[in-house]
Amino acid sequence: MTVTELAQVLALTQLSGSEETLARPVTGGYTGDLLSWVMGRASSDQAWVTIMQNVNVAAVAALTDVSCVILAEGVTPDDTLLARAVKENLPLFTSNLSSYELSWRIHAAL
């Protein structure tokens with residue numbers, strides 16, 4: 001499944017991402033808000049679900065090579081995170097669903 005396909009299945013609101021990065025595969029998911037914990041455990045090609053909204057999310061996403069970041073529970077990124085996501089073509093989405101519900105739906109979709 002691609003990032004675009006996952007976004008459609010989950011009815012996510014897209015905030016950033018290029019055609020190329022939206023075509024990346026999603027092979028799993030990771031849910032976490034403690035950035036140092038996510039750095040050591042999230043894997044390449046996973047969709048990362050978090051409520052963190054600051055610029056450090058983009059850095060962790062780059063380090064872990066996740067396919068996309070989904071901000072749960074209606075969280076919106078701060079201006080620096082959104083600017084960095086746009087600059088780096090990081091697929092960044094938001095959803096009103098809880099982290100639990102998003103994780104469950106990602107698992108079901110994959």
Side-chain angles (χ1 to χ4, degrees):
M1 173 172 282
T2 67
V3 172
T4 296
E5 292 166 339
L6 182 65
Q8 290 170 347
V9 168
L10 300 177
L12 302 175
T13 301
Q14 182 180 341
L15 303 173
S16 64
S18 67
E19 187 175 323
E20 179 183 341
T21 58
L22 293 169
R24 284 191 62 182
V26 178
T27 59
Y30 191 83
T31 302
D33 302 316
L34 185 59
L35 299 181
S36 60
W37 194 267
V38 175
M39 283 187 331
R41 288 167 177 79
S43 299
S44 181
D45 295 331
Q46 289 183 325
W48 173 24
V49 178
T50 185
I51 59 166
M52 297 300 296
Q53 62 194 40
N54 64 53
V55 72
N56 294 330
V57 168
V60 172
L63 284 170
T64 58
D65 193 36
V66 293
S67 294
C68 63
V69 176
I70 305 168
L71 302 177
E73 301 189 32
V75 168
T76 57
D78 69 16
D79 293 340
T80 54
L81 171 56
L82 184 55
R84 178 70 59 88
V86 168
K87 179 181 176 184
E88 296 181 7
N89 294 319
L90 169 66
L92 180 64
F93 300 91
T94 190
S95 172
N96 287 326
L97 296 173
S98 69
S99 295
Y100 170 81
E101 185 70 24
L102 284 165
S103 299
W104 183 85
R105 290 183 184 200
I106 291 167
H107 175 76
L110 298 176

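Positions are given from 1, in the same order as the sequence printed here.
Counting only residues at least two apart or in different chains, salt bridge (Lys or Arg N to Asp or Glu O under 4.0 Å) contacts with residues 51-62 are absent. Listed by first and then second residue, the salt bridge (Lys or Arg N to Asp or Glu O under 4.0 Å) pairs involving residues 100-110 are Glu101-Arg105 (not counting sequence neighbours). Judged as a side chain to side chain donor-acceptor pair (under 3.5 Å), the pairs with a partner in residues 73-86 (not counting sequence neighbours) are, in order, Asp78-Thr80. Applying the salt bridge (Lys or Arg N to Asp or Glu O under 4.0 Å) rule to pairs touching residues 50-59 yields nothing, sequence neighbours excluded.
Side-chain atoms of Thr50 never come within 3.5 Å of backbone atoms of Leu71 as a donor-acceptor pair (strictly under, hydrogens ignored). When atom types are taken as modelled, the side chain of Ser67 and the backbone of Val3 share no donor-acceptor pair closer than 3.5 angstrom. Side-chain N or O atoms of Thr13 include none that pairs as donor or acceptor with a backbone N or O of Phe93 at under 3.5 Å. The backbone N or O of Ala23 lies less than 3.5 Å from no partner atom in the side chain of Thr4, so there is not a single donor-acceptor pair.
There is a path of hydrophobic side-chain contacts, each under 4.5 Å, that joins Val49 to Leu110. The cluster map of Ile, Leu, Val, Met, Phe, Trp and Tyr, joined by side-chain heavy atoms under 4.5 Å apart, puts Trp48 and Leu82 in the same cluster. Under the 4.5 Å side-chain heavy-atom criterion for ILVMFWY residues, a single connected hydrophobic cluster contains both Leu81 and Leu15.
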List the atom pairs, donor and acceptor, that lie under 3.5 Å between side-chain atoms in residues 51-63 and the rest of the protein, sequence neighbours left out.
residue: Asn54; atom: OD1; partner: Asn56; partner atom: N; Å: 2.9

Listed pairs under 3.5 Å, donor-acceptor, residues 35-45 side chains, sequence neighbours left out:
residue: Trp37; atom: NE1; partner: Tyr30; partner atom: OH; Å: 3.2
residue: Ser44; atom: OG; partner: Asp65; partner atom: OD2; Å: 2.7
residue: Asp45; atom: OD1; partner: Arg24; partner atom: NH2; Å: 2.8

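Partners of Ala109 by side chain to side chain contact (heavy atoms under 4.5 Å, CB included), not counting sequence neighbours, listed by chain and number: Met1, Leu6, Val9. Considering only residues two or more places apart in sequence or on other chains, Gln14 meets the side-chain hydrogen bond (donor to acceptor under 3.5 Å, both in side chains) condition with none of them. In terms of the side chain to side chain contact (heavy atoms under 4.5 Å, CB included) criterion, residue partners of Ser16 (sequence neighbours excluded) are, by chain and number, Ala85, Val86, Leu92. Considering only residues two or more places apart in sequence or on other chains, Thr64 meets the side-chain hydrogen bond (donor to acceptor under 3.5 Å, both in side chains) condition with none of them. In this view, Thr31 and Ser103 satisfy the side-chain hydrogen bond (donor to acceptor under 3.5 Å, both in side chains) rule, not counting sequence neighbours.
By the 4.5 Å heavy-atom criterion applied to side chains, Thr2 and Glu5 are counted as neighbours. Residues Leu90 and Val69 have side chains in contact (heavy-atom distance under 4.5 Å, counting atoms from C-beta outward). Leu12 places a side-chain heavy atom less than 4.5 Å from the side chain of Ile70.
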Requested in this report: Determine, step by step, whether Ile106 and Leu10 satisfy the side chain to side chain contact (heavy atoms under 4.5 Å, CB included) criterion, reporting the C-alpha distance in whole Å, the side-chain angles of both residues, the deciding distance to 0.1 Å, and the verdict.
Outcome: CA-CA 8 Å; Ile106 291 167; Leu10 300 177; 3.7 Å; yes
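When hydrophobic residues (I, L, V, M, F, W, Y) are linked wherever their side-chain heavy atoms come within less than 4.5 Å, the members clustered with Tyr100 are Trp104.
Heavy-atom minimum distance, Gly74 versus Asn96: CA-OD1, 3.3 Å.
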